Amino acid sequence: MVKIWLASIACFVEKYNFTDPKEAMALQNFKIAAEKMGHEFNFMFRENLLEIPKYDAVFIRATTDPLYTAYIVSKTAWELGLKVVDDPKSIQICGNKIHLYELFEKYNVPYIPTIFLNKDELHHKRILDVFRIFGRPVVVKAPYTSFSRYVEKVACETSFREVAKRFFRKSDVLVVQKFMPTTFDWRVGVLNGEVLYVCKYMVPKGRWKHGAKRRGKPSFVWGRTISLKRENAPAKLKETALKACELVGHGLYGVDIKEINGDYIVVEVNDNPSIYAGYEDFRNRDIYSKIIAYLTD
Amino acid sequence: MTVAIPCIQSSGVTLVLVVSNIDLTTDLPIMKPSTFLESSIKDFTLNINNDYRYLKAGYYVSLHAEILGNQVIPSSENIIDAYRTPILLLRASKAGIPTMPYLVTDSVKQIISEFNFPVVIFAVNPFSYNGFKTAKNRSALYRALKSLGMNYKFDVCAQPLKGEMISLKSIFGRCELNRDASKISKRVYEVFKIPICKLHIQRIEGKAYLCGLQPLKNEEISLHDLKMISEEISQISKNGENLVG
């Protein structure tokens with residue numbers, strides 16, 4: 001007998017989404033949750049993009065960026081009137097940190113002290129100016145950063161120039177931020193204006209960010225993830241996360257927040273946040289069903 | 001830092017701020033993109049650039065204008081969409097612009113199963129933005145995908161090649177080719193509002209089909225084009241609010 005599904009969801013993934021067993025398990029959990037709720041849930045790879053119109057909703061788990069295939073999937077689904085997470089506007093805003101910080105500035109969201117640097121400004125006087133304002137070291141960030149990549153700490157003019165030149169190859173404007181080390185960053189998962197999960201992303205010993213490249217190797221070392229029940233997380237933290245997400249949209253986001261002297265300072269809002277079985281879902285088991293319900297609403 | 005406002009008061013009420021990286025032959029005050037990016041001028045913004053690609057200065061000018069709350073030509077969303085060939089074709093076809101069928105894939109096998117040779121291939125990756133490749137057989141198709149897909153890492157956008165490919169300069173939707181191509185150029189401008197670009201069009205039995213849109217190199221802009229750009233800017237400064245769409 002042919003099963004009649006309530007709705008049909010395509011989950012756009014790439015092969016790398018299945019290399020980490022915890023991520024592969026989370027993807028399976030989405031499938032199980034969807035099917036339990038009476039919905040069809042199929043993994044869609046690059047070679048199946050022609051099938052987008054036959055679905056009711058598209059859930060993107062492959063890395064998003066306006067220049068990647070994921071944006072084409074998102075925009076195509078959006079133009080065809082499908083429900084889509086991540087929607088193209090969220091990808092456009094979160095995929096570019098300049099866009100994000102300009103919005104934070106305009107709407108008074110507390111965020112890390114930031115300067116934008118364009119190509120013409122990469123000169124001795126301006127670099128000294130940056131060090132004078134923020135002290136040393138500073139953090140240089142490419143606007144297209146994701147998963148802790150393209151974010152580097154520099155303490156002298158030579159390293160500043162070297163990193164900036166590398167990032168300027170792709171973007172004409174860069175982000176320079178005050179270095180604010182903490183032992184962990186809060187990660188607040190938000191869906192449609194509600195807190196979905198809360199975690200602490202710990203910084204590995206001797207490093208300064210959650211994911212740090214191993215010296216001389218292409219691989220990364222990641223800090224631990226400590227999950228909290230969302231109702232036990234500080235109210236002010238959740239409020240700050242929701243305020244930041246409001247500027248982006250009503251989709252699924254992961255907000256990184258630093259806690260400094262009792263204040264909550266937004267590092268960034270990410271679309272397409274990581275969901276690994278046993279990490280983000282550890283204290284909030286319902287995240288899979290909530291996301292599926294949102295997609296099929 | 002706030003910079004003095006180089007806007008003009010036209011015959012109506014519209015104030016137009018022209019931000020350009022091109023040396024224009026106009027009497028209107030022009031602001032450089034880097035200066036505009038540090039300003040907080042609130043005016044209707046006309047962003048004139050030979051290259052509006054995502055992450056380049058032309059993109060950031062439109063983005064900054066939007067954050068300031070300005071009406072701007074072109075919008076940052078249109079910039080992203082127009083330069084992503086599959087989205088360009090999808091939105092163009094929804095707007096009634098003739099396009100060819102297309103396939104987004106990294107697989108030679110899939111292209112062969114969908115289309116007959118020859119095919120035309122556009123890059124869909126963050127790095128290639130100039131031109132396209134045509135493939136008349138399987139080995140040429142492998143070469144095209146290897147090159148434009150950067151060793152099969154990224155997808156490409158494949159379209160059947162049934163006629164002749166033509167590339168033309170489009171300045172505010174104006175181009176100097178036959179009626180069909182001009183019509184496409186005008187319609188693409190109406191939909192995406194990209195003031196300066198190169199359009200790739202396929203002409204099949206006298207009919208034109210949109211295939212792709214790419215940036216113009218600075219050296220491709222002639223004196224005649226500069227004159228045309230300046231005329232259009234003057235026109236918009238008079239009727240700006242009606243042209244934002």
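In what follows, chains carry the letters A, B, and so on, assigned in the order in which the sequence lines appear, proteins first and then strands, with residues in each chain numbered from 1. In this text, all values refer to a predicted model and were calculated from it rather than measured experimentally.
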Residue A/E121 versus chain B: region with a heavy atom under 4.5 Å: side chain
Trace of the side chain to side chain contact (heavy atoms under 4.5 Å, CB included) decision for A/H99 with B/I67: CA-CA 8 Å; A/H99 198 156; B/I67 300 277; 3.8 Å; yes
Separation between OH of B/Y59 and CD1 of A/I98, rounded to the nearest 0.5 Å: 10.5 Å
Heavy-atom closest contact (A/I72 atom, B/V124 atom, distance): CD1-CG1, 3.0 Å
Region of A/Y144 in contact with chain B, defined by heavy-atom distances below 4.5 Å: side chain
Donor-acceptor side-chain pairing of B/D81 and A/Y71 below 3.5 angstrom: yes
Chain A-proximal positions within residues 133-155 of chain B [heavy-atom distance under 4.5 Å]: B/Y152, B/K153, B/F154, B/D155
B/D106 backbone acceptor or donor facing A/E47 side chain under 3.5 Å: no
Side chain to side chain contact (heavy atoms under 4.5 Å, CB included) between A/R46 and B/V104, intermediate numbers included: CA-CA 8 Å; A/R46 282 186 201 186; B/V104 182; over 6 Å; no
Proximity breakdown for B/K109 and chain A, heavy-atom pairs closer than 4.5 Å: neither
Interface residue of largest heavy-atom contact number with chain B, from A/N48, A/T76, A/N96, A/L49, under 4.5 Å: A/N96
Part of residues 163-175 of chain A lying next to chain B, heavy-atom separation under 4.5 Å: A/R169, A/K170, A/S171, A/D172, A/V173
Main-chain N/O of A/P66 paired to B/R84 side chain as donor or acceptor, under 3.5 Å: yes
B/Y60 versus A/P143, closest heavy-atom pair with distance: OH-CG, 3.4 Å
Option from A/Q92, A/K89, A/K75 for which side chain to side chain donor-acceptor pair (under 3.5 Å) with B/E77 holds: A/K75
Flag for A/N118-B/S34: side-chain donor and acceptor within less than 3.5 Å: no
Toward chain B, the part of A/L103 with a non-hydrogen atom under 4.5 Å: both
